[in-house]
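The structure under discussion appears below in the form of structure tokens.
Below, each value reflects all heavy atoms present in this structure, side chains not excepted, and no hydrogens, waters or symmetry copies. Atoms within a ligand are numbered from 1 in the order they appear, just like the ligands themselves.
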Amino acid sequence: MLTTFKAYFFILSIHKLLAITALPPSHNLFINCGANTPLQLPDGRSFLPDSQAPHSSFSFTPSSNNVLSSNSSQLYGTVRVFTQPTEYKLKVGNNGRHFLRLHFHPLSSSLFNLKFAAFSVTADGFTLLHNFSCSRGVVKEYVVEVGLGSLTMVLAFSPSHGSIAFINAVEVISLPDLLFPSTAFPVPQGPAIDAPIGAVLETFYRINAGGPVLDSRNDSLWRVWLNDQEFLVIPSSARNVSTDPNAIVYPSGVSEEAAPGLVYATAQEMADANVGNQKFNVSWLFDVDSGFDYLVRLHFCDFVSIALHHLIFNVYINNQSALNSFDLSSKTMRLSTVYFVDFLVNAEFGKVLVQIGPPEISSTPPNAILNGLEIFKISDSEGNLDASSDESSVIVMEGKKSKRKVIAIVACLGGVLVLGFLVAAAFLLCFRIWRKKATQGNATWLASPMPISINVGNSETRVSAGSFASSVPSHVFSQVLAFSEIREATKNFDESLILGVGGFGKVYKGVLENGVVVAVKRGNPRSQQGLVEFRTEIEMLSKLRHRHLVSLIGYCQEPNEMVLVYEFMAGGPLRKHLYGSDLPALSWKQRLEICIGAAKGLHYLHTGTAEMIIHRDVKTTNILLDENLTAKVADFGLSRLGPTLDQTHVSTVVKGSFGYLDPEYFRRQQLTQKSDVYSFGVVLMEVLCARPAINPTLPREQVNIVEWAMHWQKRGQLERIIDPHLVDSVSVDSLKKYGETAEKCLGEHGIERPTMGDVLWNLEYALQLQESFTREVRNESSSNCIPELPEWIPPVRHTEYDSFSNVNADVSDTATSSRLFSQLMDPKGR
Ligand SMILES: *[C@@H]1O[C@H](CO)[C@@H](O)[C@H](O)[C@H]1NC(C)=O
Ligand SMILES: *[C@@H]1O[C@H](CO)[C@@H](O)[C@H](O)[C@H]1NC(C)=O
Ligand SMILES: *[C@@H]1O[C@H](CO)[C@@H](O)[C@H](O)[C@H]1NC(C)=O
Ligand SMILES: *[C@@H]1O[C@H](CO)[C@@H](O)[C@H](O)[C@H]1NC(C)=O
Ligand SMILES: *[C@@H]1O[C@H](CO)[C@@H](O)[C@H](O)[C@H]1NC(C)=O
Ligand SMILES: *[C@@H]1O[C@H](CO)[C@@H](O)[C@H](O)[C@H]1NC(C)=O
């Protein structure tokens with residue numbers, strides 16, 4: 001239908017915040033930009049005009065004579081145009097992951113030709129689009145986590161130099177918590193690794209294999225699923241099959257939002273090649289941006305088999321094995337049942353090739369299926385999804401620019417002692433000016449990171465503060481909090497709220513204005529040692545987000561105050577659960593899971609970021625537990641970057657905790673990630689024996705846990721000294737594996753010790769052994785069959801996420817090149 005719409009161009013020439021409150025509070029937010037009346041679409045979405053936003057604080061002028069014709073949905077009849085950097089502050093109803101959809105439809109008029117608009121878009125500091133232009137309508141979909149510390153998402157548009165920015169519509173859709181994976185499988189195969197928490201994803205492809213295009217009307221989250229035909233490498237190798245969508249079963253633990261039944265009710269299977277020995281792969285090829293990691297989700301539902309265990313096939317991604325002799329029905333234990341699995345893939349060559357085919361040797365008829373597929377791009381370690389230059393993550397603000405210059409100057413001159421004083425003075429002056437500007441300007445936007453202001457007035461720290469700041473990543477997750485806010489949150493640092501006291505200072509429990517419970521660490525401002533550690537901690541934690549690392553929510557940077565605000569860990573330190581308190585004893589399984597969690601956190605530190613990070617103070621008081629006993633590694637005050645490629649170690653003054661120190665590091669003062677592995681070995685022994693690393697009250701040979709435990713481990717009698725609570729509930733095999741792992745960690749020389757990745761693998765194996773032991777005991781079966789190695793096929797998880805709508809989107813068009821390389825998650829380490 002040809003329809004003529006009036007397009008209103010609203011121009012905002014002043015840089016302002018547009019505040020929009022979600023109505024209803026629950027949840028989804030649909031904004032029809034530039035409109036002044038609400039718009040109800042047939043698919044149920046109800047778009048509010050941004051001009052009627054309750055707290056809007058801007059003015060605009062509709063320009064007349066901008067009549068144009070468009071076939072597109074009414075949504076694109078209006079557009080909002082920005083000539084200056086502008087933000088939407090989107091208040092969401094709940095925290096957690098959200099779909100963020102941005103609709104761009106480049107209308108043109110006598111006033112503007114939006115096809116020539118070039119601009120950048122960021123969400124909460126993540127660069128979604130950089131110097132972006134489009135010549136046809138595009139819908140971009142992202143998955144953004146909102147609410148670590150606030151329930152506001154800041155969506156900022158910033159025109160490239162001399163250009164304009166525009167947006168037609170914005171959708172923010174709250175996703176069920178469980179919709180998103182917490183772990184994914186690497187390709188080539190390896191143990192499951194944690195999916196990147198805190199990263200932003202961009203939907204690249206969403207495919208309904210063997211089925212029709214599904215649009216926003218067919219999907220409860222208004223996603224669009226495309227047909228797979230054009231991605232098939234050899235279309236004749238596949239044959240589409242379908243069943244009744246009502247016959248599809250969602251097992252418990254799998255959300256119906258994973259994908260509509262319509263996706264699972266159609267599939268591609270292997271076409272009948274009319275050959276006796278039917279062996280070939282069905283392949284799909286997708287173009288992506290090279291150098292990024294991708295989350296590839298495959299959806300399966302076996303409605304083609306006549307019985308269980310009749311469909312066994314291989315899956316390859318980029319020519320590497322992803323699933324081997326995969327027996328789909330063994331995962332679901334019934335037919336027509338939904339199953340999906342996530343993989344992490346580094347698309348080195350800008351392609352994702354997905355292949356399915358029969359295994360080499362098989363007793364079942366050769367066949368393989370695929371029902372649906374989604375590919376998401378994962379933001380790199382700098383928080384960019386679309387980065388082509390250094391500046392990409394920073395929308396240029398005057399204040400920031402001048403600050404950068406100052407820092408550069410300071411860093412250059414820093415070494416010249418004679419000039420030291422002058423530099424410091426100049427720095428201080430400029431900094432003050434900058435700070436004034438920054439606070440007057442747009443405070444939210446600058447929530448990114450200025451740790452440099454800590455105690456800048458202190459003469460001993462000026463220059464180092466400057467060079468420190470220049471190394472701070474341009475994108476930081478945590479926010480700057482006002483001291484008054486923190487005082488309020490902790491009832492003026494009420495003594496009754498003290499959670500603990502450490503070398504750095506006291507830790508309080510607090511509740512932020514928005515109800516988020518936090519742990520507030522307040523340093524002693526007079527301690528120089530503390531200052532360095534404070535900065536290290538901000539620098540390190542700001543760059544890191546991981547399920548098994550304690551998140552930094554914010555920090556306070558007012559003079560003479562050093563305050564760090566973390567997520568609150570209800571379970572407290574691991575040590576408390578082992579001994580010295582009246583908490584119930586942890587079971588062996590719980591202990592293994594806690595060690596696995598902590599190992600994952602350390603593994604991520606060692607291999608998950610561009611620069612290796614060494615924790616340097618791994619111990620049971622630095623492993624915290626949340627209310628579900630999920631372990632998170634804390635306290636990065638001593639951590640530092642590991643050796644670069646051409647170094648084998650970092651020389652440093654020995655720091656760490658007595659009893660946990662790597663003897664090699666102690667002797668040679670050379671720090672490697674293997675020092676953390678040693679300390680982790682001590683933790684493993686402590687967890688097993690439920691006693692402190694050093695206990696001077698014991699007989700001499702028992703004082704040091706390492707000596708004592710190794711004495712028994714070497715004799716193969718470690719069970720003699722384990723926590724009495726564990727006796728009788730621990731599988732001998734599991735204990736053996738665990739003991740061996742700890743022994744290897746405690747190797748005299750770093751080179752003999754395993755990597756954290758290996759440790760993790762071994763602990764997971766020990767857990768597996770324990771679980772099968774428990775099962776056997778429960779079944780009272782005396783069979784002594786020990787399960788095989790974990791086969792790396794994920795169980796149906798209580799996670800998933802999905803959805804997207806890609807109206808008129810030219811998918812390959814969305815690919816923009818990027819060179820930044822994210823090493824997010826190589827499980828093998830490097
Ligand atoms: C609008 O619709 C007409 C006829 O249906 C088609 O020829 C034309 O290409 C469409 N224009 C756009 C911009 O989609
Ligand atoms: C932005 O993109 C345009 C072309 O789309 C290009 O001419 C221009 O140089 C780019 N600007 C920057 C800063 O990358
Ligand atoms: C299924 O295959 C048939 C014949 O090969 C084709 O006509 C039809 O369009 C296909 N359906 C889909 C949804 O791809
Ligand atoms: C998708 O929804 C529309 C509108 O309800 C419907 O006409 C169409 O048949 C649906 N598509 C499928 C494949 O069921
Ligand atoms: C997979 O292997 C084929 C043949 O060896 C090669 O042409 C292709 O580039 C490879 N694809 C990827 C994504 O590695
Ligand atoms: C299927 O693809 C994989 C990976 O590209 C390859 O190793 C295998 O040989 C292929 N199988 C057949 C039967 O062609």
Quiz item: Between N131 and S133, do the side chains contain an N or O donor and an N or O acceptor separated by less than 3.5 Å?
Solution: no
Quiz item: Would you say the side-chain atoms of D327 and H309 include a donor-acceptor pair closer than 3.5 Å?
Solution: yes
Quiz prompt | Within the 4.0 Å heavy-atom sphere of ligand 5, strictly under, residues | solution = N318, N319
Quiz prompt | Close side-chain approach of I173 and F30, heavy atoms under 4.5 Å | solution = yes
Quiz item: Is a side-chain donor or acceptor of K279 paired with a backbone partner of E360 at a separation under 3.5 angstrom?
Solution: yes
Quiz prompt | Heavy-atom side-chain contact between L201 and S379 under 4.5 Å | solution = no
Practice problem: Could you see which bit of L214 sits under 4.0 Å from ligand 4, with heavy atoms only: side chain, backbone, both or neither? | Solution: side chain
Practice problem: Determine whether the side chains of T266 and N208 contain a donor N or O and an acceptor N or O closer than 3.5 Å. | Solution: yes
Quiz item: Is any N or O atom of N218, backbone or side chain, closer than 3.5 Å to an N or O atom of ligand 4?
Solution: yes
Quiz item: Below 6.0 angstrom between ring centroids: does that apply to F204 and F286?
Solution: no
